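This report concerns only the one structure given below.
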Amino acid sequence: MPDIAKKFRTEDMVSCVLACKVLVIVDGVDEMTSSSRTLLEEILSLVNTADITVFITTRPEAVDDFSKMMPLNINTMHVKIKGIPEGKREEFALKYHSEMERTGQGSLDTSGLVKYLRKTGVHLKEHWRLPLHLAMAVILWVVCPDAINSVTTATELFIETENLRDEKLCERVKKNEQYKCLPVKEIKEKIEIFRSSLYKIALYGQRESDIILTNNSLEIFEKLCKFLSLPESEVMGAFFVKKITWNNTGMQTQYSFAHKGTQDFYSALHVVNVLHGKEYPESLEQMQNCLETSWQKILTLKKKSILNILKDVYRSNPEDFNLKKFQNVLVHLTGLVDNGGEICRKEILSEIVKLLRRSGVDDEQAWLDILSDIKINDAINKEVSKYVPDIMNLNGHIEVTDSRVATYAKMVLHAKPTRVTISIDSDPVQVPCLQDLMEALYYITCDTELYFYHDFLHPSSDTLGVDSPLPQLFKVSRVTKFMGHIDQALLRKLPHDLRVVCAAAVDERHFQTLLSRLTALPNLEWVWIHSREDLDTKVNPPLAGINKVIYNSSYNRLIVKKLTRHPLELGRLEKLLELIDSKYSQESRKAFRCDVEMQLLWDFQQPGAYYKTTDWAFQRLFLRCKVTSFKGCLGSDSLASLPSTVRKLRISIFDDSHYKSIEPSLSTLLKTHPNLFRLCIEKGRAEEATTSTLE
């Protein structure tokens, strides 16, 4: 293509391209310069006159600014990129490692890397979705495995990476013939002085919204390296990425931060320095004083607020100050809160929380990510509960997953929820702070739901790992739903408030004991049973009239029978099937999916109670499971989503409009589902229904 392009005039090439259907991908709009902004505006101006689709990525805080650039009458769609899916993270890490190995930096055995990622999956689960964090983890594991094993937060990951950077830079300086006589301690002190300048320039670089260093910054670093007697090429190579570009004037060398996240982290470290009373030396004389005295006594400044430190960046043009630009700097600053000192003062913590909200952090997921990066600091949890209880839903329904347990173990004490749901996929014994969270719930007076998927799917004669606080929790709280392993001791403690019980039967005797106790619960609506034996004939007599889900792991079959109006939690069922299927590899998962039979008798007899929200939930479920038999009421979208594995289908419709809406999906179903051998459609209530059957 480059050779062909040389034979055409530029305007001819543009005309040829615009005659085609074009997809333009623009990455990192939040980092664009004035010249790249001009180019993007030119591309966007063509959207209305050419067949062009523009796919743009940006950080969330820059979305509003970018929206102002959009020409009128352009259709836009917003997509949130959540990062690397959990099932693909090991694959990403191994591929990154193989690239390092190709350049002679990797190691032959990657089992330790996989083991580390799995071990930290619970408390670093959300951080591993970001490619930058995974890449840093791989590099640390290869170069310094002892350091990576102690990392439990994203901030620690950044800090250990920077420690490694200093260590490697120190080694390279010592190997340089000109500087090998310098003592290691002196080299480290000089690197620390260089870093203080680096941090300030990183923060002030946020003003340009660019990770590329300005000529002024390059000049400062050049003079600083000379003054500190450090090799410029080694120092710049340690902290920046060198790029060589060609333009009309010839070759140009540029230095940039390796990643916007790295620049944000350095910027946060400058804020920390100022809060601690340390500041970048303004002159070479002050630098000399730093070298002659202790670096810890550099400068004692008048204390500033975080907002004033950020506003100093725009001292020459204060009207351009935009707090959104510093959102990720504030996020990193929150992670650095554990360092102690001045930054842990209550007023500082309060300001961090207020500024984060003002900068646009208005999403529960974002706040949970921030809080999960703080090890031991209950003060900031108090501030969050004070200033953002609505975003965190602290006065509504709180749902806690594996990676959020440690956060909510502290946060829930400052909340007034209406309902708490704890949903744990992993082995409860392996989840840090789970017992603390359970004990914190003693003081919460609301409906509590407990789901321990691992213990439901992997029953044993052992007691549940968190069963010590469970009896007390059953006694003092209103536990309405429970999933897990129920041993003989816990069985006697089951509260009367339970409406849903999901239990694993270890053997026949345990199963009979379970049934005897469960059927005595006065408010029971649903029973989910997992057994390795075929329980179909044994379940019906004791559980007659009760809704049930029976999972038989020996035959990999799941049966749902809904007999009353009490709703089936389709989201829970979808999650359970996902975990059942996860024991197979990604390639073989589809072939070994669990067979699902759904007999929703109440829905079938009461089709008028059907709602579109249920249709959406069924649609999601059908796309992820292997349904072989279905009886109930469906809408057009869920009917169209039925998997090709369905063999028996019996649906009811409540009026003519319902039938007309599903008729196209039915016609398609008959053509595309070769396994379907029985189709039955009933119209109206059961007592006055008309039936059409096709076999």
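Basis for what follows: all heavy atoms, side chains included, without hydrogens, waters or symmetry-related copies. Worth saying up front: this structure is predicted, and the values here are computed from it rather than measured.
In this structure, Arg358 contributes its side chain and Leu323 its backbone to no donor-acceptor pair below 3.5 Å. With hydrogens and angles ignored, the 3.5 Å screen pairs no side-chain donor or acceptor of Arg129 with any backbone N or O of Pro85. A distance-only check finds a donor-acceptor pair linking the side chain of Glu351 to the backbone of Leu307 [under 3.5 Å]. At least one donor-acceptor pair under 3.5 Å links the side chain of Thr161 to the backbone N or O of Leu157. A donor-acceptor pair is defined here as one N or O able to donate and one able to accept, closer than 3.5 Å; such a pair exists between the side chain of Asp402 and the backbone of Ser426. Proximity of a side-chain donor or acceptor of Lys325 to a complementary backbone N or O of Arg207 within less than 3.5 Å is detected. In terms of modelled atom types and a separation under 3.5 Å, the side chain of Glu160 and the main chain of Ile148 share no donor-acceptor contact.
Ion pairing between a basic and an acidic side chain is recognised when a charged N comes within 4.0 Å of a carboxylate O; Lys304 and Asp312 show such pairing. Ion pairing between Glu192 and Lys188 fails under the 4.0 Å rule for side-chain N and carboxylate O. By the 4.0 Å N-to-carboxylate-O rule, Glu99 lies too far from Lys95 to be salt-bridged with it.
By the neighbour-count criterion of 12 heavy atoms within 6.0 Å, atom NZ of Lys386 is densely surrounded, having more than that number from other residues, nucleotides or ligands. Within a 6.0 Å radius of CZ in Arg165, other residues, nucleotides and ligands contribute more than 12 heavy atoms. Counting heavy-atom neighbours within 6.0 Å of Lys174 NZ, excluding the residue itself, gives a total above 12.
Minimum interatomic distance between Thr155 and Gly335 (heavy atoms only, all atoms of both residues): OG1-CA, 3.1 Å. Across Gly360 and Gln327, no two heavy atoms sit closer than the pair C-NE2, 3.6 Å. Closest approach of Ser316 to Pro318, counting heavy atoms only: C-CD, 3.7 Å. Between Ile187 and Cys170, the closest heavy-atom pair is CG2-SG, 3.8 Å. Residue Leu132 comes nearest to Gly261 through the heavy atom pair CD2-CA, 4.3 Å, listed as atom of the first residue, atom of the second, then distance. When every heavy atom of Leu230 is checked against every heavy atom of Lys190, the shortest pair comes out as CD1-CB, 3.9 Å.
To the nearest 0.5 Å, atom CG of residue Leu203 and atom NE2 of residue His270 are 5.5 Å apart. Atoms CG and CZ, from Leu368 and Arg404 in turn, are 4.5 Å apart once rounded to the nearest 0.5 Å. We find the OG-CG distance between Ser267 and Leu198 to be 9.0 Å, quoted to the nearest 0.5 Å. Interatomic distance, Leu228 CG to Lys223 NZ, rounded to the nearest 0.5 Å: 14.0 Å. Rounding to the nearest 0.5 angstrom, the gap separating the CZ atom in Arg195 from the CG atom in Asp166 is 4.0 Å. If you take OG on Ser359 and CD1 on Ile352, they are separated by 11.5 Å, rounding to the nearest 0.5 Å.
Checking Glu208 against Thr214 by side-chain atom types alone, no donor-acceptor pair falls below 3.5 Å. Remark: the Asn308 side chain and the Ser305 side chain contain an N/O donor-acceptor pair separated by less than 3.5 Å. Using modelled atom types, one finds a donor on one side chain and an acceptor on the other under 3.5 Å when comparing Asp264 with Gln206. With 3.5 Å as the limit, one finds no donor-acceptor pair spanning the side chains of Glu319 and Tyr314.
Checked against the 6.0 Å centroid threshold, Phe239 and Tyr255 do not count as a close aromatic pair. Tyr266 has its ring centre no less than 6.0 Å from the ring centre of His332.
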Problem set entry | Val353 and Thr334: CA distance, side-chain angles, deciding distance, side-chain contact (heavy atoms from CB on, under 4.5 Å) verdict | CA-CA 9 Å; Val353 174; Thr334 314; over 6 Å; no
Exercise. Should Leu113 and Val138 be marked as a side-chain contact (heavy atoms from CB on, under 4.5 Å) after you check the CA-CA gap, both sets of side-chain angles, and the distance that decides it?
Worked result: CA-CA 7 Å; Leu113 173 60; Val138 174; 4.3 Å; yes
For this session: Check the pair Ser350, Tyr387 against side-chain hydrogen bond (donor to acceptor under 3.5 Å, both in side chains), reporting the backbone distance first and the verdict last.
Result: CA-CA 9 Å; Ser350 178; Tyr387 293 109; 3.2 Å; yes
For this session: Walk me through it: do Phe194 and Glu189 pass the test side-chain contact (heavy atoms from CB on, under 4.5 Å)?
Result: CA-CA 9 Å; Phe194 182 89; Glu189 287 178 351; over 6 Å; no
Exercise. Yes or no on side-chain contact (heavy atoms from CB on, under 4.5 Å) for Ile309 and Leu275, after CA distance, side-chain angles and deciding distance?
Worked result: CA-CA 9 Å; Ile309 296 170; Leu275 289 172; 4.1 Å; yes
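Under the 4.5 Å side-chain criterion, counting only non-hydrogen atoms from C-beta, Pro131 is not in contact with Tyr96. Counting heavy atoms from C-beta outward, Gln178 and Pro231 have side chains that stay 4.5 Å or more apart. Two residues are said to be in side-chain contact when any heavy atoms from C-beta on lie closer than 4.5 Å; Leu269 and Val271 fail this criterion. Side-chain atoms of Val241 and Phe257, non-hydrogen and from C-beta on, never get closer than 4.5 Å to each other. Contact annotation: the side chain of Leu213 never approaches that of Ser256 to less than 4.5 Å [non-hydrogen atoms, C-beta and beyond]. Between Val22 and Thr53 the shortest side-chain heavy-atom distance does not fall below 4.5 Å. At a threshold of 4.5 Å between non-hydrogen side-chain atoms, the residues Leu330 and Leu310 count as touching. Contact annotation: the side chain of Phe55 never approaches that of Val26 to less than 4.5 Å [non-hydrogen atoms, C-beta and beyond].
Contacts classified as ring pair (Phe, Tyr, Trp, His ring centres under 6.0 Å) and involving residues 348-373 (residues at least two apart or in different chains) are not found.
With sequence neighbours left out, Glu167 forms a side-chain contact (heavy atoms from CB on, under 4.5 Å) with Glu171. In terms of the side-chain hydrogen bond (donor to acceptor under 3.5 Å, both in side chains) criterion, residue partners of Asp320 (sequence neighbours excluded) are, by chain and number, Asn317.
The aromatic rings of Phe221 and Phe240 sit tilted, their planes meeting at an angle between 30° and 60°.
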